[in-house]
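Notes follow the structure.
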Amino acid sequence: MRKTKRRLIKTGMRKTTAHKRFCLWAVSCFFATDWNGKGIEKMQKFHFSTTKTLVNAAVYFLLFLAGDLLSSLPFDLIFSFVTLPGSEWYVILRMLGCLLLTLLLFWVYTIKRLHLKMEDFGITFGVQSWGIVLAVLLPAFVVMAFLIVGKAEINPLVFSDRILVVVASMLTALKAGILEEMLFRGFIMKLLENRWGKTVAILLPSFLFSLAHIPSMESFTVGGVMLLAVSGTLVGVMFSLVAYQGGSISNNALIHSVWNFVMVTSVLHISTAQGAYGEPLVQIVIPSDNILLTGAGFGPEASLISIVGYLLICGILIFRKKQITPGASKK
């Protein structure tokens, strides 16, 4: 009887330990970032062989895809029998399910398989003031530039539909912003940095980030793919600089989410009159179909205006780093 009780106690402790560790991680992450704007780097140094580095990076990418696929299957099955009052409800539940499931898959692999902490990959909570400024500045600059060359139109939607569009757009933006930053600027970047240094850690995931968005293109042309490769790599470098200056992915997750909310979801569409689609809250119609303005098959995120916006943020980050680096003014 005593042996049986001991086994039951040990089993119960094992079951509760994982739950407690997850809760403690969520709480400790909140306090792991300096709120005065100085990133705290308390990340554990881990070293994997070349093979293990590449395998772990591939596993994280597959977990990213699996979270999206596995979360879609039950919702697609349920809503094939259940009729929802609006398509936005499907988006809301689907994005929320994907976000939570992928977060769980990332956490389980990191804690149970690699025996590391999420903080070791720079995954902490705590947005800094300069991150909020950049999150507003980037889309504001791009939208203002498009308003100069185009014309804004507001779609007459009822108030309840507007609320649903905003909520669905927020969850869509958060899901992509958080998970993509965890994958590319968290897991993959830190794995590559510990093996090959910061230069490879910034450039390679940024290029892969651009390639990962090619399937999202509506039409494929040589010019469109090249434009996406340049803009996608540049925005990846921008997010990497944000992550290194902040000491975590929290600031770039915010910038990425706000950018997606404004530029990608149904809040705002930027297109030519011929390429207009969907029912966004606001639409900016531009007069030219030049790929440098439209972004070709990917959209305005790959346009020359957006590229200038990415360069602007990179310039601000480089200038800020020089200002806060000790002795920079003496050089």
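Throughout, numbering of the chain's residues begins at 1 and tracks the sequence. Excluded from the calculations below are hydrogen atoms, water molecules and symmetry mates; all remaining heavy atoms, backbone and side chain alike, are included.
- Distance check, rounded to the nearest 0.5 Å: CD1 of I178 to CZ of F125 gives 7.5 Å.
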Mind running side chain to side chain contact (heavy atoms under 4.5 Å, CB included) on V91 and L171 for me, showing each step along the way?
CA-CA 8 Å; V91 175; L171 285 173; over 6 Å; no
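- Side chains of M182 and Y60 form no contact here, defined as non-hydrogen atoms less than 4.5 Å apart.
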Could you go step by step and tell me if S266 and E279 meet the side chain to side chain contact (heavy atoms under 4.5 Å, CB included) rule?
CA-CA 7 Å; S266 295; E279 294 185 356; over 6 Å; no
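- Taking the six-membered ring where the residue is Trp, H213 and F298 present perpendicular rings, their angle passing 60° and hence far from 30°.
- Counting only distance, with no hydrogens or angles, the side chain of S71 and the backbone of D68 share a donor-acceptor pair below 3.5 Å.
- Atoms CZ and OG1, on F146 and T294 in that order, are 8.5 Å from each other to the nearest 0.5 Å.
- Scanning all heavy atoms of the two residues, the minimum distance from F261 to V267 falls at O-CB, 3.5 Å.
- Here the straight-line distance linking atom CD1 of I284 with atom CD1 of I148 works out to 10.5 Å at 0.5 Å rounding.
- No side-chain donor-acceptor contact under 3.5 Å links N155 to the backbone of L157.
- The backbone N or O of Q128 lies less than 3.5 Å from a partner atom in the side chain of N251, making a donor-acceptor pair.
- Linking Ile, Leu, Val, Met, Phe, Trp and Tyr residues whenever their side-chain heavy atoms come within less than 4.5 Å places Y90 and I92 in a single cluster.
- Closest of all the heavy-atom pairs between F184 and A212 is CZ-CB, 4.1 Å.
- Note that CZ of F64 is 7.0 Å distant from OG1 of T102, once rounded to the nearest 0.5 Å.
- The minimum heavy-atom distance linking D120 with K117 is given by the pair OD2-N, 2.8 Å.
- By the rule that hydrophobic residues join a cluster once side-chain heavy atoms approach within less than 4.5 Å of another member, V225 and L211 end up as members of one cluster.
- The distance between the ring centers of F187 and F106 falls below 6.0 angstrom.
- A heavy-atom distance below 4.5 Å is found between the side chains of F48 and L114.
- Judged purely by atom type and a 3.5 angstrom limit, S257 uses its side chain to pair as donor or acceptor with the backbone of A253.
- A chain of hydrophobic side-chain contacts below 4.5 Å, direct or via other Ile, Leu, Val, Met, Phe, Trp or Tyr residues, connects M189 to L54.
- G126 and S250 make their closest contact through O-OG, 3.0 Å (heavy atoms, listed as atom of the first residue, atom of the second, distance).
- Side-chain atoms of L293 and S303, non-hydrogen and from C-beta on, never get closer than 4.5 Å to each other.
- Within a 6.0 Å sphere centred on CD1 of I154, other residues, nucleotides and ligands contribute 12 heavy atoms or fewer.
- In terms of hydrophobic clustering, with Ile, Leu, Val, Met, Phe, Trp and Tyr side chains grouped at heavy-atom distances under 4.5 Å, I316 and V136 are assigned to different clusters.
- Residues I249 and R185 come closest through the heavy atom pair CG2-O, 3.7 Å.
- In this structure, W196 is a member of the same hydrophobic cluster as L241, with clusters built from ILVMFWY side-chain heavy atoms closer than 4.5 Å.
- L101 contributes atom CG, which lies 9.5 Å from atom CG of L63 (distance to the nearest 0.5 angstrom).
- With T124 contributing its side chain and E119 its backbone, the two residues share no donor-acceptor pair below 3.5 Å.
- Looking at V165 and R162, their side chains never come closer than 4.5 Å, going by heavy atoms from C-beta outward.
- Side-chain contact check for I307 versus L227: some heavy-atom pair is nearer than 4.5 Å.
- A distance-only check finds a donor-acceptor pair linking the side chain of S72 to the backbone of L69 [under 3.5 Å].
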Decide yes or no on side chain to side chain contact (heavy atoms under 4.5 Å, CB included) for L203 and V237, but give the supporting numbers first.
CA-CA 7 Å; L203 294 179; V237 171; 4.2 Å; yes
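- Annotation: side chain of V308 is in contact with side chain of F141 (closest heavy-atom distance under 4.5 Å).
- Note that CG of L228 is 10.5 Å distant from OG1 of T221, once rounded to the nearest 0.5 Å.
- Open room surrounds CE on M170; 12 or fewer heavy atoms of other groups in view lie less than 6.0 Å from it.
- Under a cut-off of 6.0 angstrom, the local environment of CZ in F207 is sparse, with at most 12 non-hydrogen atoms contributed by other residues, nucleotides or ligands.
- Using a 4.5 Å heavy-atom threshold, the side chains of Y244 and K321 count as separate.
- For the pair V142 and S306, the tightest heavy-atom approach, listed with the atom from each and the gap, is CG1-OG, 3.8 Å.
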Might you work through the side chain to side chain contact (heavy atoms under 4.5 Å, CB included) test for L77 and L73, ending with a clear yes or no?
CA-CA 6 Å; L77 179 62; L73 293 177; over 6 Å; no
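- Side-chain contact between M238 and L138: present, with at least one pair of heavy atoms (C-beta onward) separated by less than 4.5 Å.
- Using bins of under 30°, 30° to 60° and over 60° for the plane-to-plane angle, the ring pair F239/H256 lands in the parallel bin.
- Applying the 6.0 Å contact sphere to CD of E218 captures no more than 12 heavy atoms from other residues, nucleotides or ligands.
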